[in-house]
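Reading through the structure tokens given below for one structure.
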Amino acid sequence: MGHLLMLWVAAGMCYPALGASAWSVNNFLITRPKAYLTYTASVALGAQIGIEECKFQFAWERWNCPEHAFQFSTHNRLRAATRETSFIHAIRSAAIMYAVTKNCSMGDLENCGCDESQNGKTGGHGWIWGGCSDNVEFGEKISRLFVDSLEKGKDARALVNLHNNRAGRLAVRASTKRTCKCHGISGSCSIQTCWLQLADFRQMGNYLKAKYDRALKIEMDKRQLRAGNRAEGRWALTEAFLPSTEAELIFLEGSPDYCNRNASLSIQGTEGRECLQNARSASRREQRSCGRLCTECGLQVEERRAEAVSSCDCNFQWCCTVKCGQCRRVVSRYYCTRPVGSARPRGRGKDSAW
Amino acid sequence: MGVGRSARGRGGAASGVLLALAAALLAAGSASEYDYVSFQSDIGSYQSGRFYTKPPQCVDIPVDLRLCHNVGYKKMVLPNLLEHETMAEVKQQASSWVPLLNKNCHMGTQVFLCSLFAPVCLDRPIYPCRWLCEAVRDSCEPVMQFFGFYWPEMLKCDKFPEGDVCIAMTPPNTTEASKPQGTTVCPPCDNELKSEAIIEHLCASEFALRMKIKEVKKENGDKKIVPKKKKPLKLGPIKKKELKRLVLFLKNGADCPCHQLDNLSHNFLIMGRKVKSQYLLTAIHKWDKKNKEFKNFMKRMKNHECPTFQSVFK
């Protein structure tokens, strides 16, 4: 039922100029599902990109972006509006916008392409617009169409989700930058052509992770939460939607304790998780992941050693192969384990970022 | 047409499970600890781990990619390592480097340039060695300066690998024998009289003229060339009113020999480019209708269209 509703909304928005009476039932069945399917693959690709980026950003956190968090069942309405949920909505919305925009630019979608509206015009001293500018308008439209249509309620949670969806799309817009190519003789920059291009999606992931760390909690008591449709509840959220906060992630409810397993909340707990220690290339936060995942959750850090084989001493041989040696080395990995004979640990339950 | 791909991110790491499995297999076998094996695939490197990027393709090096078609391998990766997206773009950008190649300023010039313009098809991108870049730059930039060019940003040597696997044809300790000083011909005068090479030069130059020379004299370290009669073949940056008072300069050429200028009674084919307010000579040939190669050039010139950035960047 919900799926059919989404289909209807999607089809209706694709052809806003056409009245329903202009179509016979047969035409509807033939054409609208096809138009819908045109973007479904791109949207699914975007969702996958969002999942992978989320896993990357939270790889060394207690909450590590489990895949089920992205699934939307008939119980979607009951999902808690936590800080983590805010990130999921933003990254998914951003990723879908990104994927559709890129698919347009690469010519993968029939009725959209590059934004060439400025091509040939002088952009500045010594450069002109040209090439393939990413069509963010179109990507944004499709993302909004698919993602926002999933929110069918009018309660506080739905409004928060819509806000976070929009924040994700703003992150994509913020990453647009001018990129240029030099076409002059011998690679000189006497002639330059420039276009607008989205940055690598990692940049948007980093941006939204920083927003997650600074997400704003909207205070509402339980009565207001239940009575979301009342004017009082709406006013509270309206106040939060000031222009200065439109790019911020917001949430309503504190996060559960992610240290301990909690089957009813689908929380696995940190026991058995790998963490980073003594990793030279890791960031400071990553290097502290053993403390965050293990020690602070009442677990201990266990070192496990394994022999790893990798390529080394590679040489390019003319012409044209690369020859490598194989090197063995001992690799240490670190895991959270329960101390022998210890009672069930007490973990932290704070909702603040850690 | 898609252009301007994102910069490549970190390559994907090999799976720990696979590494452990490899270790187990090696332990079971009798392979020694240090064996040469073919380069292991690093699938993530080209695509930066992003499956929404169009995969690079391994394509034949076309005969008319003159910079690289005889480099020593026959296939290349497209887009190349200079982010040229199409073969037309590669050809257009590579064409201005062909004249430098013909100057033979360093034996590794072609290998270096082609490792970027027409990179070899391997599992992951392999860049030229930094030492090769530095050797080519140090030998060739002085020649480039005769034409008003400097080593471009896109070939800056500090972006190329030092300790990592990299491309070079000759071993690092080869010492290049330097040319004897004093007998070096002015680079714009050091040209092969072949129709193909002249066409390449024509495309790499901004303007081309048929002209007679009134006189040649030294000025501020350059040779100053005063024309007598001139007929434009390709005007480029020269405005019609400037054509009357046109004066050409052989940059840094006050004291190097240019045998074409020994006898000024001929007509000349002169090619050049404008740098700031000076018109620099980039190539000079005697206008010799009896020469077979020159006749070929004149015939081909009528039909030949040089690649332009407007035509390839669309």
Side-chain angles (χ1 to χ4, degrees), chain A residues 42 45-46 48-49 52 98-99 102-103 105-108 114 116 119-120 130-134 179-189 191 193-203 306-316 318-328 331 333, chain B residues 1-4 6-7 9 14 16 19-20 22-23 26-27 31 33-40 48-54 71-73 82-83 92-93 96-97 100 111 120-123 126 144 147 149-150 152-155 164-169 204-206 273 309-310 312-314:
Chain A
S42 193
L45 179 71
Q48 188 61 38
I49 293 168
E52 292 188 358
Y98 187 92
K102 283 298 181 185
N103 282 350
S105 296
M106 289 192 292
D108 295 335
C114 310
E116 294 174 344
N119 281 18
C132 174
S133 287
D134 280 327
T179 304
C180 302
K181 273 192 174 178
C182 302
H183 302 283
I185 297 174
S186 296
S188 71
C189 292
I191 303 168
T193 303
C194 306
W195 61 95
L196 291 178
Q197 181 177 311
L198 294 176
D200 189 75
F201 194 69
R202 176 57 38 77
Q203 184 172 308
E307 190 176 68
V309 179
S310 60
S311 301
C312 62
D313 293 336
C314 296
N315 281 294
F316 175 78
W318 191 266
C319 184
C320 297
T321 56
V322 177
K323 297 278 188 183
C324 301
Q326 278 192 345
C327 294
R328 288 198 193 90
V331 178
R333 286 194 142 95
Chain B
M1 202 52 221
V3 291
S6 300
L19 287 177
L26 273 177
E33 193 162 358
Y34 198 95
D35 281 331
Y36 270 104
V37 297
S38 65
F39 190 61
Q40 291 174 20
S48 313
R50 295 281 184 266
F51 45 83
Y52 50 75
T53 304
K54 269 192 168 122
V71 66
Y73 50 91
L82 299 168
E83 296 188 6
Q92 189 263 326
Q93 286 290 293
S96 55
W97 289 94
L100 181 69
V111 168
V120 294
C121 297
L122 290 168
D123 291 332
I126 308 287
M144 292 169 68
F147 302 91
F149 289 111
Y150 295 90
E153 180 72 31
M154 72 180 188
L155 300 181
D164 205 355
V165 56
C166 57
I167 288 177
M169 181 186 243
S205 298
E206 289 173 4
R273 64 185 287 258
F309 85 88
Q310 285 95 347
V312 304
F313 196 66
K314 219 38 187 144

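The figures here come from the full heavy-atom set of this structure, side chains too, leaving out hydrogens, waters and symmetry mates.
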Exercise: identify the closest heavy-atom pair between A:Cys319 and B:Val120: SG-CG1, 4.3 Å
Would you name the heavy atoms of A:Trp318 and B:Val71 that are closest together and state the gap between them?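 Scanning both residues completely, I find the closest heavy atoms to be CZ2-O, 3.5 Å.
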For A:Cys182, check disulfide bond (SG atoms under 2.5 Å apart) against everything at least two apart and list the hits. A:Cys189
For B:Glu153, give me all partners under side chain to side chain contact (heavy atoms under 4.5 Å, CB included), at least two apart in sequence or on another chain. B:Lys156
At a 4.5 Å cut-off on heavy atoms, which part of A:Cys320 comes close to chain B: side chain, backbone, both, or neither? both
Measuring from B:Ile167:CD1 to A:Asn315:CG, what's the distance to the nearest 0.5 Å?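 Between B:Ile167 CD1 and A:Asn315 CG, I get 12.0 Å after rounding to 0.5 Å.
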